[in-house]
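Here's the structure, in structure tokens; my notes come after.
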Amino acid sequence: MSRSAPATLIGVSDSVPEARLRFVTGKGGVGKTTVAAAYATLAATHGRRVLAVDTVNRGDLAPRIEVVSGRLGGPGPTVLGLTTKQALDEYIKRYLRVPIAPSSLGPVSRIFDFVSTAAPGVREILTVGKIGYEAVYGPWDDVVVDAPASGHVIELLSAPASLRRLAPTGPLASQTLWLQELLESDRTAITVVATPEELPVAETDQLLKRLRDETEVAVDTLVINRVPPQVEKVGRALLAGKAPASDDGPTARSIRSLVAVAVDRDVTTRPFVEELNELAEAFGLAVVEIIDDPVNPTDTAAAALADHGSLAAA
Amino acid sequence: MIQPGTTHWPVIDDLLSRHSIVVVTGNGGVGKTTVSAALGYRAATEHGRRVLVVTVDPARRLADALGVNGLPGEAVLVPVGEGVGRLWVLMVEMGRAWDTLVGRCAPDAATAAELLANDLYRSLTTRFVASHDYVALDHLVLLDQGSFDLIVVDTPPGEHTDDILAASQRLRQFFDSRLLRWLTAGVGGGFGQLASRPFLAVAERLLGGDFLTQISVFFALFARLRPGLLARIERVERLLESDSAAIVEVWAADDTRPRQVGRDRSDAIIVNRVLPAMSPVVTGESPGGRRVTLQATVEPSDLDALPEERLRQAVRALLVATDGFDLRLDDDVEVAVMVRTSGGVNDLDDLGRLVAESSVPIGSERP
């Protein structure tokens with residue numbers, strides 16, 4: 001597969017094999033990065049060539065993938081940390097064929113500032129353009145994107161359409177059609193991650209509605225992350241009696257208080273697990289529940305995805 | 001172990017009694033809004049202050065408990081009891097953050113209306129120059145009315161907590177920037193004479209001339225907010241820099257994300273959702289100064305006494321999630337904890353209970 005860029009990318013999606021492209025999003029703090037790492041490592045363990053894209057680029061994705069890949073051996077996923085500046089440099093070089101290198105264009109940062117802060121949709125089109133380019137021309141079977149949180153992912157995925165609306169004739173706009181085709185194709189899918197808590201559930205509802213109404217990209221999976229173990233019954237029985245110890249020393253009191261917290265977590269989160277399942281049903285999504293595991297969260301998430309058959313096509 | 005029952009919350013009481021501004025910062029999901037409400041409640045009930053809590057996006061239950069649900073933009077009086085203090089809560093309507101600012105800062109109504117109707121306005125203002133970060137802080141000018149002794153500002157959740165305090169500065173820099181001058185220079189004169197600049201030449205090739213002109217027209221309009229906005233920003237900055245402003249940084253005991261060193265400007269750190277079986281200890285071991293860790297008051301082997309593996313797993317997960325808590329402290333930063341209570345905050349009594357149960361000093365082993 002050639003990695004050199006053609007003069008135009010319009011229409012190429014018909015003839016060139018594409019990777020599967022998965023965006024993982026959700027409210028900030030629900031474990032998007034862990035779930036993205038789980039998708040990437042799961043695919044890699046099945047011998048697939050995986051690119052994991054870190055769009056937030058705080059350096060959180062690579063270590064999670066390394067921890068798991070290191071244990072499994074073999075070639076792990078390749079991790080790409082994406083910044084707007086890199087994407088812009090690459091874009092200018094590839095498509096505009098500016099005779100001088102971008103970095104020598106006076107302070108290139110001025111263009112960067114302008115593009116990233118002042119021109120609507122441009123930052124997003126560069127980011128999603130780079131991802132799309134890798135999915136179409138990169139040597140990958142799977143491209144997994146640790147996508148930005150809620151509101152920003154809408155901007156990212158709707159960038160091709162909104163840029164064409166705002167600037168129908170510009171050179172950037174001419175690049176939007178093939179991207180939109182890719183995003184709307186059945187090779188591209190979104191996983192929304194949520195935790196069973198009040199604000200994440202409310203935000204997930206909003207996010208699913210906006211993804212449906214404002215983008216043409218299909219959401220197919222809802223991951224319910226950090227589901228507490230179901231311990232209500234056994235915990236209450238214990239708290240009602242004298243167990244675990246007949247004495248009432250500080251240790252026994254501490255353990256009883258921990259059991260009370262574990263029961264409370266189970267009881268208070270269960271309605272939210274139910275609400276998320278109802279949401280998934282309403283939006284026609286598959287549900288993957290991941291039991292809370294602060295020790296090896298990525299392994300546990302990958303195991304849950306594997307059980308669910310998230311890599312059936314491998 | 002944290003023993004409830006005292007009503008002295010040393011670090012926090014000192015902070016609440018002396019300041020007129022408390023800015024609450026922290027990562028998303030650590031409980032900033034609950035902490036802000038608890039601080040406001042404490043200041044009103046224990047210190048007799050007239051407190052305004054400016055909150056962003058509270059959970060429905062908390063908004064219900066405070067009685068502000070469905071009342072964005074209004075200071076709602078919260079019935080906290082017969083004490084001398086009063087507590088108001090104002091919920092910021094983030095979706096309309098810029099609309100509000102435009103209304104306040106435009107030189108006249110016509111300019112405001114023209115801006116709000118501009119095609120680019122919505123897509124640009126929702127995402128650039130830290131508008132969300134700034135808009136909560138903008139309420140600090142309410143101090144000038146004299147109705148409040150203390151404003152507690154709950155900052156927006158997000159990935160860039162460090163940026164919040166710098167938000168006003170970045171907004172100001174934007175209005176003073178050459179970028180804005182370039183963007184507005186095209187209006188009237190056209191881009192012809194400017195296209196010789198490599199910057200605009202590349203921008204035009206990227207975006208097309210029409211789009212560039214459209215952007216330029218918008219910013220020419222936007223730049224008319226400058227005098228009004230700068231005056232407000234300067235007032236907010238002066239208030240934030242004064243001795244009467246304190247920054248409280250919130251961490252969650254069960255937040256397993258990587259922990260940064262406490263920010264330079266924080267006056268106090270609150271470790272939220274500390275389990276009853278965890279004892280927070282401050283030591284002087286770290287090369288950079290002090291550190292706070294959470295230590296379990298039970299051994300892992302103690303859990304063997306529990307029936308059923310599932311329960312052992314659940315309890316072990318709780319311990320593991322908080323046991324690794326380790327935060328370095330700047331030398332002049334004080335630490336307080338808030339306990340994890342069952343069921344969260346559903347009404348004002350819960351808020352009072354949360355504050356009372358948290359009102360204990362933490363174990364300290366200073367060098």
Side-chain angles (χ1 to χ4, degrees), chain A residues 27-30 56 58 60 91-92 96 98 102 105-106 110-111 113-115 117-122 149 151-152 155 162 166-167 169-173 198-199 202 228-231 234-235 238 243-245 250-251 253-255 257-262 264-266 268 292-295 297, chain B residues 1 27-29 57 59-61 119-120 123-124 126-129 157-159 174 177-179 182-183 198-199 202-203 205-208 210-211 214-215 219 254-258 275-277 296-299 302-303 305-308 310-311 313-315 317-321 340 342-344:
Chain A
K27 178 177 162 55
V30 297
V56 185
R58 280 184 310 177
D60 292 352
Y91 181 89
I92 291 173
L96 297 187
V98 175
L105 276 176
R110 285 178 198 164
I111 303 172
D113 281 351
F114 173 72
V115 164
T117 62
V122 172
H152 296 293
E155 285 164 14
S162 58
L166 287 169
T169 57
L172 262 180
E198 184 183 334
L199 281 177
Q230 290 190 9
V231 295
V234 58
L238 181 141
T251 302
R253 276 204 305 274
S254 287
I255 292 179
S257 70
L258 284 168
V259 170
V261 171
D264 179 59
R265 272 193 84 199
D266 179 18
T268 53
D292 186 34
D293 177 6
V295 184
Chain B
M1 163 149 5
N27 285 330
D57 196 21
R60 196 175 54 234
R61 279 186 308 161
D119 280 345
L120 292 184
S123 55
L124 275 172
T126 53
R127 53 182 281 258
F128 88 134
V129 282
E159 323 239 0
F174 176 76
S177 68
R178 292 166 77 183
L179 177 64
W182 280 334
L183 289 172
F199 158 74
V202 173
R205 290 186 72 170
L206 265 172
L207 305 171
D210 289 350
F211 194 26
Q214 214 184 333
I215 291 171
F219 280 102
D254 53 5
D255 184 351
T256 52
R257 283 172 282 185
L275 290 171
T297 53
V298 293
E299 299 289 326
D302 294 333
L303 302 183
L306 290 171
E308 292 198 28
R310 181 177 286 211
L311 187 60
Q313 257 174 6
V315 170
L318 283 172
L319 284 177
V320 166
R340 187 196 191 288
S342 288

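Nothing here was measured: the structure is a model prediction, and the numbers come from that model.
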> At a heavy-atom separation under 4.5 Å, does B:L318 approach chain A through its side chain, its backbone, both, or neither?
Replying inline: side chain
> Are the side chain of B:T297 and the backbone N or O of B:A277 linked by a donor-acceptor pair below 3.5 Å?
Replying inline: yes
> In terms of heavy-atom pairs under 4.5 Å with chain B, which of A:D293, A:V259, A:V295, A:D266 leads?
Replying inline: A:V259
>> Heavy-atom pairs under 4.5 Å with chain B: which of A:V30, A:V231, A:D292 has the most?
In response: A:V231
What are the two closest heavy atoms between [X] and [Y], and how far apart are they?
X: B:V315; Y: A:A262; result: CG2-CB, 4.4 Å
X: A:P294; Y: A:P297; result: O-CD, 3.9 Å
X: A:R265; Y: B:R340; result: CG-NH2, 3.1 Å

> Can you say whether A:L199 sits under 4.5 Å from chain B via the side chain, the backbone, both, or neither, judging by heavy atoms?
Replying inline: side chain
